Protein chains: 2
Amino acid sequence: MATQQRRERERAQREALIVSAARDMAEADGWASVTVRRLAERIEYSQPVLYSHFAGRGAIVDAVALQGAAELAEALERARTGAEEGEELEAVAQAYLDFAAANPALFEAMFALAEGLEFGPNAPDVLKAGFAQLYAVFAPLAGDRDPETLTETGWAALHGLAVLGRDGRLRPGLQQDRLAILLRQFVNG
Amino acid sequence: MATQQRRERERAQREALIVSAARDMAEADGWASVTVRRLAERIEYSQPVLYSHFAGRGAIVDAVALQGAAELAEALERARTGAEEGEELEAVAQAYLDFAAANPALFEAMFALAEGLEFGPNAPDVLKAGFAQLYAVFAPLAGDRDPETLTETGWAALHGLAVLGRDGRLRPGLQQDRLAILLRQFVNG
DNA sequence: ACACGATACTAGCACCGCTAGACAATCGAG
DNA sequence: CTCGATTGTCTAGCGGTGCTAGTATCGTGT
């Protein structure tokens with residue numbers, strides 16, 4: 001019946017609403033302030049409704065993290081394909097740092113909070129897509145070394161810059177300089 | 001009076017007991033399982049006693065993080081001074097990764113949980129001491145670049161390797177290869 | 001011996017994640 | 001069109017959390 005489809009559509013819409021509300025709240029006041037109660041009030045439903053969509057609070061965080069992974073992959077791809085020839089690495093790396101700086105709570109969900117977000121061989125496609133973007137710019141530098149290992153190394157270096165920078169553990173205002181240093185190490189190695 | 005001193009000594013001892021108990025529990029079952037109630041039961045005191053030592057649960061985490069910073073600084077220094085000439089960088093970098101792998105909960109406290117742990121100019125001495133160890137091995141590679149910025153970059157790269165590796169986001173068993181790649185980029189740059 | 005100050009405790013607050021059971025709205029069969 | 005059945009939502013409440021006010025107890029100095 002058509003009614004059934006409308007139901008499912010509305011349900012999917014509400015699920016998206018939950019995820020985006022959680023994300024907004026986290027980005028505004030931190031993940032600690034994202035409680036199931038407040039989230040329920042925000043979307044104007046009672047708490048059990050949330051549990052009909054997600055297994056628990058953790059699953060909501062996971063959903064936000066997954067959304068973040070998708071957006072990150074997209075941002076990296078946009079940066080790479082939109083870059084001048086020969087400047088893809090700089091563009092992608094910059095996009096990674098920009099993404100982390102622009103969406104700190106989202107980044108936190110992806111790399112600190114999410115428990116059910118699998119990496120490795122069984123990782124969701126969006127994660128693999130993100131890694132593929134990094135691979136596309138790092139692998140050409142591998143030479144005789146394993147390109148995947150080199151990509152992992154480059155990613156980790158970039159990631160460290162992002163997280164330490166976000167937490168105020170590196171001197172502010174010098175992120176560009178650090179990125180320049182890092183990339184020079186990689187293109188010259 | 002001498003009694004007063006004994007009191008203070010016992011008090012300091014109990015404070016250390018709290019910190020080490022929290023650390024042990026976190027390392028054994030994760031930080032989520034470190035609740036004030038369980039911690040109180042573990043040290044065989046009631047909860048308010050904890051609050052006479054620390055402002056709250058967060059302050060206990062901070063104390064653990066500070067202890068971790070001290071141990072990390074010590075481990076790095078030991079690695080550096082104990083290394084063969086010319087291999088200080090490898091030794092220190094390896095020590096950093098080993099420390100993160102051996103004390104995941106401690107590392108989490110330091111870089112994800114601690115809220116009251118200041119970095120930058122007002123950072124506690126132990127943190128500066130740790131950075132100084134990194135500076136000692138990275139700065140010589142700076143050439144015409146700012147040695148502090150290069151150190152920050154090297155630290156970040158190393159840190160990224162540590163955290164992504166710890167969370168299972170890089171293929172296991174290849175940490176050595178990645179470190180080798182990373183260091184080669186830095187010594188050749 | 002006794003009053004006093006320090007110290008630890010019991011009990012309870014508001015809030016958390018989560019869920020059982022009651023209730024209402026919608027659907028399909030006759 | 002009516003009436004069970006099913007689906008969906010809500011109210012209320014459980015155990016646990018961080019934290020604290022008020023009470024009792026203990027050791028101390030006079």
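Here is the naming used below: chain letters follow the sequence lines, and residue numbers restart at 1 for every chain. Quick caveat: nothing in here was measured; it's all calculated off a predicted structure.
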Without decimals, in angstroms, what is the distance between [X] [atom1] and [N] [atom2]?
X       : N      : atom1 : atom2 : result
B/Leu39 : D/dC19 : CG    : C1'   : 14 Å
B/Glu10 : C/dA8  : CD    : C1'   : 14 Å
B/Leu50 : D/dG18 : CG    : P     : 10 Å
B/His53 : D/dC19 : NE2   : P     : 15 Å
B/Trp31 : D/dG18 : CH2   : P     : 12 Å
B/Gln47 : D/dA21 : CD    : P     : 15 Å
B/Glu41 : C/dC9  : CD    : C1'   : 15 Å
A/Tyr51 : C/dC18 : OH    : C1'   : 5 Å

So CG of B/Leu164 and CD of A/Glu152: to nearest 0.5 Å the spacing works out to 9.0 Å

Applying the 4.5 Å side-chain criterion to the ILVMFWY set and letting contacts propagate, would A/Leu141 and A/Val92 be lumped into a single cluster?
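Shared cluster, yes.
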
Indicate whether OP1 or OP2 belonging to [N] is found under 4.0 Å from a side-chain N or O atom of [X].
X       : N      : answer
A/Arg38 : C/dC16 : yes
A/Arg14 : D/dT9  : yes
A/Ser46 : D/dT9  : no

Among [options], the one nearest [X] by side-chain distance:
X       : options               : answer
B/Arg37 : C/dG12, C/dC9, C/dG17 : C/dG12
A/Pro48 : C/dC9, C/dC18, D/dT11 : D/dT11
A/Arg57 : D/dC10, C/dG17, C/dA8 : C/dG17

Atom CG of A/Asp98: over 12 foreign heavy atoms under 6.0 Å:
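Yes, because the 6.0 Å sphere around CG of A/Asp98 holds more than 12 heavy atoms from other groups.
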
Kindly determine whether A/Tyr96 and A/Leu72 satisfy side chain to side chain contact (heavy atoms under 4.5 Å, CB included), including the steps that lead there.
CA-CA 7 Å; A/Tyr96 194 93; A/Leu72 174 58; 3.9 Å; yes

With a distance cut-off below 6.0 Å to the six-membered ring centre and an angular limit of 45° from the axis, does A/Arg14 pair with A/Tyr45 as a cation-pi contact?
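That pair qualifies as a cation-pi contact.
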
